[in-house]
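Written below as structure tokens is the structure these notes are about.
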Protein chains: 2
Amino acid sequence: MAAEQTAAGTSAADKQAGPLSGITVVDLSRILAGPYCTLMMAELGARVIKVETPGTGDDARHYGPFVNGKSAYFQSVNRGKQSIALNLKDDGDRATFEKLLAKADVIVENFRPGTMEKLGYGWEDLHPKYPKLIYASASGFGHSGPEMKRPAYDMVVQGMGGIMSITGHEGSPPTRIGTSIGDIGAGLFTAIGVMSALFGRAMTGEARKVDIGMFDCQVALLENAAMRYFVTGKAPGPLGARHPSITPFQAFNTQDGYIIIAAGNDGLFHKMADALGKPEWKTDDRYTTNDLRATHVTELEAEVEAVLKTQPTAHWMTVMDAAGVPAGPINDIGQAVEYPQTAARNMVVTVDDPVTGPMKVVGNPIKISGFPDPTTRLPAPNLDQDRDAILREIEQ
Amino acid sequence: MAAEQTAAGTSAADKQAGPLSGITVVDLSRILAGPYCTLMMAELGARVIKVETPGTGDDARHYGPFVNGKSAYFQSVNRGKQSIALNLKDDGDRATFEKLLAKADVIVENFRPGTMEKLGYGWEDLHPKYPKLIYASASGFGHSGPEMKRPAYDMVVQGMGGIMSITGHEGSPPTRIGTSIGDIGAGLFTAIGVMSALFGRAMTGEARKVDIGMFDCQVALLENAAMRYFVTGKAPGPLGARHPSITPFQAFNTQDGYIIIAAGNDGLFHKMADALGKPEWKTDDRYTTNDLRATHVTELEAEVEAVLKTQPTAHWMTVMDAAGVPAGPINDIGQAVEYPQTAARNMVVTVDDPVTGPMKVVGNPIKISGFPDPTTRLPAPNLDQDRDAILREIEQ
């Protein structure tokens with residue numbers, strides 16, 4: 001499928017085509033959570049119009065690194081979008097904004113709760129006037145509850161939501177998830193909410209408000225850590241590089257580094273035992289079920305590493321591949337994006353930006369049959385770049 | 001909005017209502033990536049029918065901890081779904097499966113590429129026979145490229161996709177993200193793909209294949225880490241508890257622990273400086289822009305901690321709240337799920353399971369106006385629990 005998509009879509013001179021083609025998103029969001037959501041929508045065919053503060057624009061325009069004065073950070077999350085600068089406290093600009101809303105399907109914002117209401121653009125104001133407009137909000141703590149007005153950024157919800165408490169090594173100082181999972185998690189859940197609302201609107205004609213709290217999303221991502229707390233009443237701690245309930249499922253030392261082996265069931269554990277020349281593990285009373293292996297994880301780890309330390313990672317990758325046991329190296333970012341599979345899946349694409357020159361950005365992980373998966377993208381807009389075109393259009 | 005939802009939905013005796021009400025998902029997926037996607041769909045109103053291997057069922061049924069013999073892990077991801085056990089190599093069961101497909105809107109699977117094709121149920125087989133059926137696959141490396149047949153579990157793609165290389169402290173051993181972001185990331189992108197395809201089908205009548213690679217999703221989550229590599233050619237390393245491009249945006253030591261302060265722009269930095277009694281930082285040549293602060297992060301960190309270490313975290317939370325600077329403690333899982341906002345947003349809900357008794361699970365972070373957000377959920381099904389009802393239904 002990907003091959004066919006590539007063939008069909010090597011030129012991305014036009015707006016990307018996808019299941020959301022024809023949908024217009026008015027995007028008031030800044031920095032990351034909202035913009036990541038609307039990036040996904042743009043990748044799936046939607047037209048995204050950023051409405052930015054005159055003069056400064058999206059804060060992310062000022063985050064480094066810069067290439068010829070243009071923020072690469074901004075480029076990576078806003079390529080393929082349009083921009084108009086509007087002062088939502090100015091009457092003329094408000095009139096323009098309202099004409100824009102009348103033509104839009106979705107509005108996305110990530111202000112602190114109350115900001116849109118103060119501007120007269122909260123859901124209660126907009127819904128009666130624009131009954132087809134879906135309203136999506138991604139705020140720190142959502143639009144209800146005692147903490148709804150509390151400000152939040154990515155790291156605040158990473159810390160408060162519990163994920164940092166289970167990431168890292170026992171006794172180590174706090175560890176942030178290396179990527180902005182507080183923002184990106186919220187962006188992904190917002191995208192799911194908006195798309196389900198678009199489908200619902202297609203079925204019933206009714207538009208909805210989607211209310212996402214970044215903190216809620218962190219709780220939703222806790223998955224089995226929250227479950228273990230509910231069952232045991234004990235907060236789980238950090239586990240280094242092990243899975244909490246599946247064994248063996250972790251990074252192991254080899255002669256020259258590390259290998260991850262994920263033997264997620266008895267069959268894979270048997271294959272691993274054979275591949276490491278230790279068939280006796282298969283019938284060892286300590287290792288016959290996942291639960292027993294989890295109980296005896298320290299002994300098992302020592303026995304596995306005693307074997308693995310005799311050879312380098314590359315050797316064991318060949319052995320595990322031949323045995324059909326899921327395994328992998330720990331790649332740095334360069335190795336991950338230069339991995340041949342990354343290119344084969346169009347997961348690195350090129351923005352041909354007149355300011356920066358050609359610049360690489362991450363591609364779209366959602367491959368959908370029948371739509372192109374092009375290897376190029378349009379650049380992120382300069383502030384207010386599309387004003388004239390948008391004004392002409394909404395006056396029609 | 002959440003309050004109104006609660007009032008409307010305190011009884012969840014019936015299937016959850018949402019924008020996907022009326023949609024039927026046939027779910028062949030196991031463990032986490034696929035089941036997390038279909039959990040989100042069930043939370044948004046879809047009916048999800050798990051089709052499981054007779055005898056053993058979903059591997060996750062055998063993952064601990066157990067409550068009265070039932071897996072809490074399985075419960076947390078499969079509550080509210082139905083189950084039928086079918087042997088897809090048996091002619092009678094295949095006939096049943098095919099009748100089920102004829103009534104379904106979406107099929108979700110997370111087998112290794114080729115498995116569905118061997119069963120005669122690949123996209124190319126199904127699409128001509130069931131032209132309205134959306135096909136979603138979440139596999140380790142997707143359905144194309146040189147590594148498509150490589151097996152993967154969560155930790156394998158966490159390691160290969162680069163996120164582990166930027167998580168942790170310099171010189172520390174490898175650090176797994178405490179939650180299964182390899183699986184959950186893929187589950188979220190699959191959900192976005194499926195919902196966009198449902199919307200697309202509503203517009204054009206055409207069904208699509210959604211092809212998700214867990215590895216691709218890890219690359220998509222790298223966000224500014226990938227961008228920094230593309231711009232500088234240097235793979236970024238782990239940053240402990242700091243943000244890579246925003247300063248100050250990190251965990252700081254206090255007298256009795258840690259506080260996270262996220263001063264994401266100049267205005268917030270000024271408020272923080274005033275709140276800490278250091279107004280001179282606002283005009284300090286080293287700190288006037290985010291870029292300068294990032295360059296001088298070590299000095300700034302030392303200066304901030306010199307102040308913060310004079311008082312406990314609770315004191316500084318009050319100070320930061322009063323100043324309007326985003327800040328937070330580092331909660332453990334218990335503190336996160338017991339936080340009053342968590343309850344106010346229905347982010348902990350109860351499954352009334354006849355086997356386990358009442359059990360808490362994490363709620364739905366996607367709040368949509370006009371639909372209930374109930375505080376209870378139906379239990380995860382026993383293996384093959386819904387066979388008779390489903391058989392009666394498809395014979396009609």
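Only this structure's heavy atoms are used, side chains among them; waters, hydrogens and symmetry mates stay out.
Contact count against chain B (heavy-atom pairs under 4.5 Å) is highest for A:Lys360 among A:Gln75, A:Lys360, A:Glu206. Ranked by non-hydrogen atom pairs under 4.5 Å with chain B, the options A:Thr342, A:Thr356, A:Val67 are led by A:Thr342. Taking B:Gly145, B:Ala262, B:Ala220 one by one and counting their heavy-atom pairs under 4.5 Å with chain A, the maximum is reached by B:Ala220. Counting heavy-atom pairs closer than 4.5 Å to chain B, the top-ranked of the candidates A:Ile163, A:Leu20, A:Leu268, A:Leu222 is A:Leu222. Heavy-atom pairs under 4.5 Å with chain B were tallied for A:Ile333, A:Ile177, A:Val337, A:Val219; the largest tally goes to A:Ile333. With chain A as partner, the option from B:Gly185, B:Gly363, B:Gly334 having the largest number of non-hydrogen pairs under 4.5 angstrom is B:Gly334. Between chain A and the residues B:Asp321, B:Thr204, B:Thr190, the largest count of heavy-atom pairs under 4.5 Å involves B:Asp321. Among the candidates B:Thr167, B:Leu239, B:Val77, the residue making the largest number of heavy-atom pairs closer than 4.5 Å to chain A is B:Thr167. For the set A:Asn253, A:Asn265, A:Asn290, the entry with the most heavy-atom pairs within less than 4.5 Å of chain B is A:Asn265. Here B:Gly264 is the residue among B:Pro244, B:Gly324, B:Gly264, B:Ser172 with the most heavy-atom pairs under 4.5 Å with chain A. Options A:Pro238, A:Gly162, A:Ser76, A:Pro340 differ in how many heavy-atom pairs under 4.5 Å they form with chain B, and the most are formed by A:Gly162. Of the listed residues (B:Gly159, B:Gly161, B:Gly168, B:Gly142), the one with the most heavy-atom contacts under 4.5 Å to chain A is B:Gly159.
Between B:Leu188 atom CG and A:Phe189 atom CZ the span is 4.5 Å, to the nearest 0.5 Å. In this structure, the separation between NE2 on B:His62 and OG1 on A:Thr289 is 11.5 Å, given to the nearest 0.5 Å. Taking CG of B:Asp216 as the reference point, atom CG of A:Asn364 lies at 9.5 Å (rounded to 0.5 Å). Rounding to the nearest 0.5 angstrom, the gap separating the OG atom in B:Ser71 from the CE atom in A:Met227 is 6.5 Å. Atom CD1 of A:Ile368 sits about 3.5 Å away from atom OG of B:Ser196, to the nearest 0.5 Å. Separation of atoms NZ (B:Lys209) and NZ (A:Lys367) is listed at 13.0 Å; rounding is to 0.5 Å.
Contact annotation for B:Asp59: only side-chain heavy atoms (C-beta onward) come within less than 4.5 Å of a heavy atom of chain A. Interface residue A:Leu221: backbone and side-chain heavy atoms are both found under 4.5 Å from chain B. Residue contact with chain A, scored on non-hydrogen atoms closer than 4.5 Å, involves the backbone and the side chain of B:Ile192 alike. Residue B:Val348 touches chain A through its side chain alone, counting heavy-atom pairs closer than 4.5 Å. Using a 4.5 Å cut-off between heavy atoms, A:Tyr339 contacts chain B through its side chain alone, with no backbone atom that close. Residue B:Ile212 touches chain A through both its backbone and its side chain, counting heavy-atom pairs closer than 4.5 Å. The contact between A:Met160 and chain B is made by backbone and side chain atoms together, counting heavy-atom distances below 4.5 Å. For B:Ile181, the part sitting under 4.5 Å from any heavy atom of chain A is the side chain, from C-beta outward, and nothing else. A:Ile261 does not touch chain B: none of its heavy atoms, backbone or side chain, sits under 4.5 Å away.
Looking only at side-chain heavy atoms (C-beta outward), B:Tyr153 and A:Val325 stay at 4.5 Å or farther from each other. Considering only heavy atoms from C-beta on, A:Phe230 stays 4.5 Å or farther from B:Met359 through its side chain. Side-chain contact between A:Leu32 and B:Asn224 is absent, with no heavy atoms from C-beta onward closer than 4.5 Å. B:Ser21 places none of its side-chain heavy atoms less than 4.5 Å from the side chain of A:Met203.
Not a single salt bridge (charged side-chain N to carboxylate O under 4.0 Å, His left out) links B:Arg242 to another residue, sequence neighbours left out.
Annotation: cation-pi geometry not satisfied between A:Arg345 and B:Phe215 (NZ/CZ under 6.0 angstrom from ring centroid, within 45° of ring axis).
Without hydrogens or angle criteria, A:Gln341 side chain to B:Phe141 main chain gives a donor-acceptor distance under 3.5 Å.
Heavy atoms only, all atoms of each residue included: B:Ala72 and A:Val231 are closest at CB-CG2, 3.5 Å. Closest non-hydrogen pair, B:Gly64 versus A:Ser245, comes out as O-CB, 3.7 Å. The shortest non-hydrogen separation linking B:Ala241 to A:Met164 is CB-CE, 4.3 Å. For B:Phe199 against A:Pro19, the heavy-atom pair with the smallest separation is CD2-O, 3.7 Å. Scanning both residues, B:Val362 and A:Ala226, for their nearest heavy atoms gives CG2-CB, 3.6 Å. B:Met155 approaches A:Ile260 most closely through the heavy-atom pair O-CD1, 3.4 Å.
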Starting from the C-alpha separation in whole Å, work towards a yes-or-no answer on side-chain contact (heavy atoms from CB on, under 4.5 Å) for B:Asp154 and A:Phe249.
CA-CA 9 Å; B:Asp154 172 75; A:Phe249 205 95; 4.2 Å; yes

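Using cut-offs of 30° and 60° for the angle between ring planes, the B:His243 and A:Tyr73 rings count as tilted.
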